[in-house]
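In what follows, a single structure is set out as structure tokens and then discussed.
Reckoned from all heavy atoms, side chains included, excluding hydrogens, waters and symmetry mates. Throughout, protein chains are lettered first and strands after them, A, B, ... in sequence-line order, and every chain is numbered starting at 1.
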Amino acid sequence: MDVPRDAPVYTIGAVRRLTGLTDRQIRYYDETGLVVPARTPGNQRLYSEADVGALREIKHLLAEGRRIDEVRAILALRSRARAASREDLMKSSDAGMRFGEAAALRSIYPLANRPELLRAIDTRRNHTPGTRNEK
DNA sequence: TTTCTTACA
DNA sequence: TGTAAGAA
């Protein structure tokens with residue numbers, strides 16, 4: 001049957017090959033709370049499919065010139081939007097959606113779809129000293 | 001052999 | 001981020 005996307009199964013070596021990131025980067029993202037994997041009894045990091053997906057997203061954003069703190073903001077907003085979506089989708093069958101629920105959804109989808117979020121971030125980049133793009 | 005932590009360049 | 005050292 002289905003393996004839960006958060007089942008911890010990949011060692012850091014596997015993740016390195018799967019994402020193309022270095023061990024150092026993968027561990028650094030763990031240390032800074034970006035992607036925190038499960039641990040084996042021997043303290044080895046064990047990444048899930050979901051973790052690998054997040055890591056790939058980070059790599060993609062960094063390749064676009066996004067800074068680590070921006071990536072952190074994007075991931076944080078995403079998981080928030082995801083959690084909120086779960087709740088709303090639970091109690092809103094399209095037949096019985098009421099005003100409050102509709103408003104909640106409107107406040108969530110714009111973030112999930114990114115345009116406003118990305119615009120806000122781009123604005124901040126132009127105002128932040130030390131910004132670096134391609135190298 | 002691989003991964004872990006800590007610490008310095 | 002890369003790399004080194006020493007332990008698991």
When the distance from [atom1] of [X] to [atom2] of [N] is rounded to whole Å, what number comes out?
X: A/R16; N: B/dC4; atom1: CZ; atom2: P; answer: 10 Å
X: A/N43; N: B/dT2; atom1: CG; atom2: C1'; answer: 14 Å
X: A/Y28; N: B/dT5; atom1: OH; atom2: C1'; answer: 16 Å
X: A/R17; N: B/dT3; atom1: CZ; atom2: P; answer: 7 Å
X: A/I26; N: C/dG2; atom1: CD1; atom2: P; answer: 11 Å
X: A/E31; N: B/dT3; atom1: CD; atom2: P; answer: 16 Å
X: A/R27; N: B/dT5; atom1: CZ; atom2: P; answer: 7 Å
X: A/R45; N: B/dT5; atom1: CZ; atom2: C1'; answer: 9 Å

Mind checking side chain to side chain contact (heavy atoms under 4.5 Å, CB included) for A/L62 and listing every partner two or more places apart, or none if nothing turns up? A/Y29, A/I58, A/I68, A/V71
Suppose we screen for side chain to side chain contact (heavy atoms under 4.5 Å, CB included). Which residues come up paired with A/A76, at least two apart in sequence or across chains? A/R80
Quick test: give all pairs of protein nitrogen or oxygen and nucleotides 3-8 of chain C nitrogen or oxygen below 3.5 Å, distance rounded to 0.1 Å.
residue	atom	partner	partner atom	Å
C/dT3	O4	A/R24	NE	3.3

Residues two or more places apart in sequence or in another chain: which of them pass side chain to side chain donor-acceptor pair (under 3.5 Å) with A/R16?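 Only A/D23 meet the side chain to side chain donor-acceptor pair (under 3.5 Å) criterion with A/R16.
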Under the side chain to side chain donor-acceptor pair (under 3.5 Å) test, residues paired with A/S48 that sit two or more places apart: A/D51
Residue pairs, two or more places apart or on separate chains, that pass salt bridge (charged side-chain N to carboxylate O under 4.0 Å, His left out) and touch residues 34-44 of chain A: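 Every salt bridge (charged side-chain N to carboxylate O under 4.0 Å, His left out) pair that includes a residue of residues 34-44 of chain A, provided the two are not neighbours, is A/D30-A/R39.
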Exercise: identify the closest heavy-atom pair between A/E57 and A/L75: CG-CD1, 4.3 Å
Under 4.0 Å between a side-chain N or O of A/T11 and OP1 or OP2 of B/dT2? no
